[in-house]
Each structure stands twice: as C-alpha cells, then as structure tokens.
Amino acid sequence: MSGGPTTGAATGAAGETGAAGETPAAEGAPVATIAYEDHGRGTPLVLLHGVGLDRHMWDRCLPALAARHRVRAVDLRGHGASPAAAPGLALADMARDVLALTDRPAHLVGFSLGALVATEAALLAPRSVASLTVVSSVARRSAEERESVLRRLDAAREDFAASADAALDRWFAPPWRARDPRLAERVRETLLGQDRASYLACYEVFAHADAELWPRLGGIGVPTLAVTGSEDPGSTPRMTRRLAEAVPGARYAFVAGARHLLPLEAPETLSNEIIRHTTEVDRADGTATP
C-alpha cells in the first residue's frame, strides 16, 4: 500500500500518473499540488483515502470501478507522494486540493478522513460534484467519542508506532487478520511510512471535522450514499444512519460483518454499492455508459 505515483507527465491510459497544477484557492492561497493515479474510462470518479493511508488502499476496488469510470485515486495532502501537511491545516484546504484536480462534474468517493474531505468539497463546489459516496465516515461524535479520538491523537504524538498497532487492532477483526496477515502488515507499513508531522496535522482535521460539517449537511445538494461496516467500532452504523438522515435525499447501506476498512475487507460489496449509486446518477443525467 505504500509508494506513490511520479508527478509530471502522463504515463499511459491504464495507469496514468501525474500531479495537479498549482491553482489559487477561493481565498487566494495556493492549493497543494497533490499526486494521483488514473485508471479506466467513463464518467470521472475520484477516490480519497483515510488518515495515515494512501491511494493504494483502493487497489482492490479499482478493477470494478475502472470498468465503468475514469477513476482518479488521490494521495491527500500529507500522505503518500503528495506534499507535507503543515500544522493548522483546514478541512477546506484539503477539499480545494482535490477540487483543483477534479474533472468536473465528478463522482466523489471518500473513505474515513477522505469522506470528510469529499463532503466538504460537495459543499464548497456542488456544481463540480456529480455524486457523493461517504465510506466509513464519522458524523456528530458524542462527547465520549470525541474524547476517545482526542486520546488517540495524543497517543500518536507520544508513541507513533504503538498508535499504529492500536489502529490495526481496531480495524482488523482477528479472523480476518489470521486469513490475510500480510495485508495487515502492509497497512502497518503504510501508517509508519507517513511523515509524522503531516499525520498529526491531518489527524487534527479528522478529529474535529465532523463537528464542523454537521450543521452544514442539510446544504448538500448532490445525490449521496453513506456506507459503513456493521461491526465498525468507530464509524458506526448509528453515525451512518444519522449522516444519511441529515443529507437531503441520501440513502445508507451497511456491509454485514465488516469493520472499518471496507475497501480492503469487502471490496466487491463496496464497489457494487458505489457503482449502483453512480450508475443511477449517470442515467438520470444521461451520461451512463452502456
């Protein structure tokens, strides 16, 4: 899961890599030139990963998604091959990074932190977003849940390796880890390979962005799907239902028996849910592929 695309010129249709140009943000500050990789043909779809991970967390979903879409898998600021993230990074900064390289209108699909970034992008530039899919997203954490995520942030500051191991324990149910131990090790390698300061800056965003977004969710005007695992201890089914109820016309789905890492644990089921959603939107817009 580690590694990243080479920025610069495209390298081919099936696995094109590159970087966005530097573009002024709405407030006049430059957005970051973030890295990405393109696959497939069809209506554009952008994939955003979770905190501490990178674009490769979507690799298991790419074959199905790229069969219907022009898929752009992104390394968010502070991750993978993208530039570092500075303290004080805002959710809107990360959303503008993504919007600067998005073929418009595009389907946005975000996982965890990426779900928060995708949601902010849909609020900032609704005409640039064809649909929104939020995967394993948090929504309006309780006081206890907020305290828990802030404790994890403090733990990462004190002992980054121990916090990565704790994350694996939350994400991987023992039977799944026993079946695919190499995958868990690859996820650990990706976490530990991230720049520490960037990780902490992005985790700050993750820890607080749901509270920032919650009162604005009623303003989302694009077709929205919220998906989580039925056994996810952090991005819970209760949160996903709550999120879908807050967004006009949104629907939600649970993946039975799965925890947090749906793109890795249940790629076929998740891809089917995404494709069902985007196909409905494309048909309504008259842009569906045969």
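Being a predicted model, the structure only gives us computed values, none of them experimental. Note: hydrogens, waters and symmetry copies are ignored here, and every other heavy atom, side chains too, is used.
The closest donor-acceptor contact from the side chain of Gln194 to the backbone of Gly52 lies under 3.5 Å. Looking only at distances, no side-chain donor or acceptor of Ser82 sits under 3.5 Å from a matching main-chain atom of Arg77. Ser271 places no side-chain N or O within 3.5 Å of a backbone atom of Glu268 that could act as its donor or acceptor partner. Between the side chain of His277 and the backbone N or O of Pro223 there is at least one donor-acceptor pair closer than 3.5 Å. Here the side chain of His49 pairs no donor or acceptor atom with the backbone of Trp58 at under 3.5 angstrom.
In this pair, Phe206 and Tyr203 present their aromatic rings perpendicular. The plane angle is above 60°, beyond the 30 to 60° band.
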Check the pair Arg151, Asp154 against salt bridge (Lys or Arg N to Asp or Glu O under 4.0 Å), reporting the backbone distance first and the verdict last. CA-CA 5 Å; Arg151 284 198 303 267; Asp154 287 340; over 6 Å; no
Please determine whether side-chain contact (heavy atoms from CB on, under 4.5 Å) holds for the pair Arg55 and Leu47, giving the CA-CA distance in whole Å, both sets of side-chain angles, and the decisive distance to 0.1 Å. CA-CA 8 Å; Arg55 63 186 174 84; Leu47 296 173; over 6 Å; no
Can Glu120 and Arg216 be said to form a salt bridge (Lys or Arg N to Asp or Glu O under 4.0 Å), step by step? CA-CA 9 Å; Glu120 177 70 13; Arg216 303 163 59 209; 2.7 Å; yes
Stepwise side-chain contact (heavy atoms from CB on, under 4.5 Å) check, Leu89 with Glu204: CA-CA 8 Å; Leu89 177 71; Glu204 284 274 8; over 6 Å; no
Run Met94 and Leu113 through side-chain contact (heavy atoms from CB on, under 4.5 Å) and show every step you take. CA-CA 10 Å; Met94 303 184 81; Leu113 171 63; 4.1 Å; yes
Take Val149 and His208 through the side-chain contact (heavy atoms from CB on, under 4.5 Å) test and state the conclusion after the steps. CA-CA 9 Å; Val149 74; His208 298 285; over 6 Å; no
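Sorted by first and then second residue, the ring-ring contact (aromatic ring centres under 6.0 Å, His included) pairs involving residues 105-137 (not counting sequence neighbours) are His69-His107, Phe111-His260.
In this structure, CG in Asp232 is found 11.0 Å from CZ in Phe254, a value given to the nearest 0.5 Å.
Residues Thr279 and Arg283 bring no donor and acceptor atom of their side chains to less than 3.5 Å of each other.
Remark: Arg140 pairs with no residue by the salt bridge (Lys or Arg N to Asp or Glu O under 4.0 Å) rule, at least two apart or across chains.
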